[in-house]
Amino acid sequence: MANRFLVTAALPYSNGRLHVGHMAGAYIPADIYVRYLRAAGRDVKFICGSDDNGGAIEISAFKEGVTPAEIVSKYHTSQEASFRGLGISFDVYGGTHTLGYTTRHNQISQDFFKTIHDKGYFSKRTDKQLYDPEAKRFLADRYVTGKCHYPDCGYEKAYGDQCENCGRTIDPLLLGNPRSVLTGASVEVRETTHWYLKLAQFQEPLKEWLSKKTNWRPSVVNFSLGQIKEGLPERSMTRDLSWGIPVPLDDPDAAGKVLYVWFDAPIGYVSFTSTLLERSGGSPNDYERYWKDSDSKIVHFIGEDNIVFHALIWPAMLMAEGTFQLPDQVVANSFLNIKFPGAEEEKISKSRGTAIWIEDFLNEYDPDPLRYYLTAIAPETARTAYSPEDFLERNDSELVAALGNFVNRNISFTHKYFEGKVPAVGERDDVDRAMLAECQTQADKVAEEIEGYHFKNALGEMMKLARAGNLYLDQKKPWSQRKESMEACGTTINVCLQVIRTLAVIMEPFLPFAADKVATMLKLEPAARGWSNAAQELPAGLELAPAEMLFKKLREETAKK
RNA sequence: CCCGGCGUGGAGCAGAGGUUAGCUCGCCAGGCUCAUAACCUGGAGGUCGUAGGUUCGAAUCCUACCGCCGGAACCA
């Protein structure tokens with residue numbers, strides 16, 4: 001395993017709040033991975049920030065009658081608060097148009113663009129596009145509506161990218177009576193010049209690179225190779241917008257144009273790394289240790305909608321630029337659907353009000369149960385559904401009953417019968433030794449699953465140890481042993497406390513808040529929480545802090561019983 | 001139409017050629033009392049979408065079909 005890691009989580013677009021789907025897709029798995037790497041003693045930087053440029057923000061601002069900067073600032077703050085509330089442990093949370101980050105970001109993005117330009121990987125072309133004379137701007141296909149141009153459909157409210165009635169792809173220039181979604185004005189056809197990345201030139205290198213990625217999720221590799229097979233079209237890397245990074249070319253045709261938001265967004269990973277390292281006392285170029293040194297591994301966590309950008313376009317950009325290394329891994333989760341009681345499973349939709357917002361969630365619940373649930377149902381290979389009922393159910397029957405209770409019953413027992421001190425080890429039998437051996441085994445399995453990006457399995461292995469602990473306890477019955485031999489009873493409790501000590505380490509990537517509570521009860525120093533110390537034994541005689549509940553019951557009917 | 005994914009006990013998922021198909025939850029019965037009515041044991045429940053085929057042997061490979069969900073690259 002490499003020693004240096006640069007881990008990124010997709011930059012959220014700063015024109016909306018974050019919901020459970022965002023978290024399940026990229027941020028929670030990324031955070032688990034990073035927390036594990038830190039505990040394993042690796043040099044890791046966890047990079048994220050808001051994606052602040054682009055047409056959608058300009059349009060949100062236009063609609064709300066505020067400036068793009070106001071939209072960005074509002075949602076950047078909201079999103080960052082959601083991440084903090086859930087314990088997502090970024091080393092830096094920047095923003096492509098956020099104070100303290102913009103200057104560096106714009107400079108690196110423009111350098112990047114110029115390098116690719118000078119190397120001849122862009123083709124400059126003039127094409128026809130639809131223009132809204134009232135808003136005085138070119139319109140993305142999505143913002144044009146008119147009559148579907150398929151004769152057998154003719155739906156009047158088709159959009160410029162797709163007809164909602166017949167489902168087919170629309171050529172916006174063929175729409176009947178095209179109007180602007182923004183202003184309702186009839187749109188004009190105007191010519192405009194843009195710079196297109198010659199993706200076709202990277203098809204072979206991309207194919208070769210992707211073919212070697214045997215440890216990637218099949219969905220990512222298959223989808224990407226499929227796209228290559230169909231041929232990668234040239235793709236415009238500039239836009240007619242005002243909200244973005246100016247195209248850095250000394251060319252009259254470039255005047256008033258900005259970089260395509262998907263060109264500069266992934267560069268945000270680089271520019272935020274640079275800012276982070278400079279702030280921690282280094283030079284702005286220190287980012288190269290993570291981005292250009294082959295001793296470092298780059299791992300991107302994204303949602304399924306980002307695959308095309310992270311597995312094809314971004315690597316092509318990196319190849320074109322020439323001095324960066326390519327991502328070692330792109331981890332993509334599918335989308336999370338939602339299943340409300342009595343309703344069909346459906347997509348998370350802002351407009352239909354089916355999103356569960358993180359800010360709202362955190363007003364009602366603790367973060368760990370959501371981290372647990374979203375990992376347990378993680379859409380790693382297929383779409384899965386968030387169900388509010390299932391969330392409560394799993395919290396009560398798994399987190400509380402299996403894990404929380406195991407910790408609580410042992411700590412309580414220790415306080416009740418051993419004055420709160422770790423009992424002395426008497427004679428250990430095979431069952432005791434097997435239980436202790438399992439601590440190391442499970443720590444290893446969790447590590448292996450996390451390193452393989454199987455977070456759902458990793459969580460399962462962690463829970464297995466808690467379940468094994470409960471089983472062991474019931475076999476030993478210290479509450480009976482106590483009446484025969486305090487030494488035997490103490491030996492049992494000692495073993496259980498060792499299990500809890502291991503749990504404190506291996507639950508941390510998933511349940512950092514609860515792990516802190518356990519560490520406090522066991523008086524574990526930060527150094528003792530490293531992965532390599534996971535199965536190191538607590539000394540007999542150590543005085544524990546008072547027992548504290550790790551998780552609360554959430555269903556009223558179970559809580560009351 | 002084409003391309004991709006999926007279809008495994010009541011629910012949610014594992015398993016991708018080889019012992020009696022696993023796991024979590026739920027359900028039923030029993031045990032225990034340290035513990036947040038938590039924990040432990042046992043049980044019921046599956047012809048692994050359908051039909052063919054390959055193989056000594058198939059949820060697992062191949063073909064066809066049916067059903068569901070996506071097609072994403074000016075929605076970031």
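Each chain gets a letter, A, B and so on, in the order the sequences are listed, and its residues count up from 1.
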Engineer: Rounded to the nearest Å, what distance is computed from the NE2 atom of residue A:H194 to the C1' atom of nucleotide B:C74?
Structural biologist: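 Going from NE2 in A:H194 over to C1' in B:C74 covers 9 Å.
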Engineer: Stacking between A:W479 and the base of B:C34 (centre distance under 5.5 Å, interplanar angle under 30°)?
Structural biologist: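 Here A:W479 meets both the 5.5 Å and the 30° conditions.
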Engineer: Classify the angle between the aromatic ring planes of A:Y417 and A:F413 as parallel (below 30°), tilted (30 to 60°) or perpendicular (above 60°).
Structural biologist: tilted
Engineer: Taking the P atom of each, how far is B:A59 from B:C13, in whole Å?
Structural biologist: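 One P to the other, the span is 22 Å.
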Engineer: Once you round it to whole Å, what is the distance between C1' of B:U36 and NZ of A:K553?
Structural biologist: 7 Å
Engineer: Distance only, no hydrogens: is a donor on one side chain within 3.5 Å (strictly under) of an acceptor on the other, for A:Q498 and A:N494?
Structural biologist: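 Side-chain D/A pair, A:Q498 to A:N494: present.
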Engineer: Side chains of A:F406 and A:L503, heavy atoms from C-beta outward: is any pair under 4.5 Å?
Structural biologist: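 Heavy-atom side-chain distance check passes, below 4.5 Å.
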Engineer: For B:C74, take OP1 and OP2 only and decide whether either is under 4.0 Å from a side-chain N or O of A:R235.
Structural biologist: yes
Engineer: With a 4.0 Å limit, can you tell me whether A:S224 has a side-chain N or O closer than that to the phosphate oxygens OP1/OP2 of B:A72?
Structural biologist: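 Checking A:S224 against B:A72: no side-chain N or O falls below 4.0 Å of OP1 or OP2.
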Engineer: When you measure from the side-chain N and O atoms of A:K464 to the phosphate of B:U24, is any distance below 4.0 Å, counting only OP1 and OP2?
Structural biologist: no
Engineer: In this structure, how many angstroms lie between the P atom of B:A16 and the NE2 atom of A:H454, rounded?
Structural biologist: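 Rounded to the whole Å, the gap is 11 Å.
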Engineer: With a 3.5 Å cut-off and just heavy-atom distances, do the side chain of A:E398 and the base of B:C25 make a donor-acceptor pair?
Structural biologist: no
Engineer: When syn is taken as a glycosidic angle within 90 degrees of 0, is B:A11 syn or anti?
Structural biologist: anti
Engineer: Which of residues 480-494 of chain A have a heavy atom under 4.0 Å from RNA chain B?
Structural biologist: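 Listed by number, there are none.
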Engineer: Looking at A:K552 and A:D366, would you say the former's side chain and the latter's main chain have a donor-acceptor pair under 3.5 Å?
Structural biologist: no
Engineer: If I pick the P atom on B:G18 and the same atom on B:G26, what distance separates them, to the nearest angstrom?
Structural biologist: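 Roughly 32 Å separates the two P atoms.
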Engineer: According to the Watson-Crick and G-U wobble definition with distances under 3.5 Å, which dot-bracket string, read 5' to 3', encodes RNA chain B, using [ ] for crossing pairs and | for pairs with another strand?
Structural biologist: .(((((((.[[[[.)..(...]]]].(((((.......))))).....[[[[[..)....]]]]])))))).....
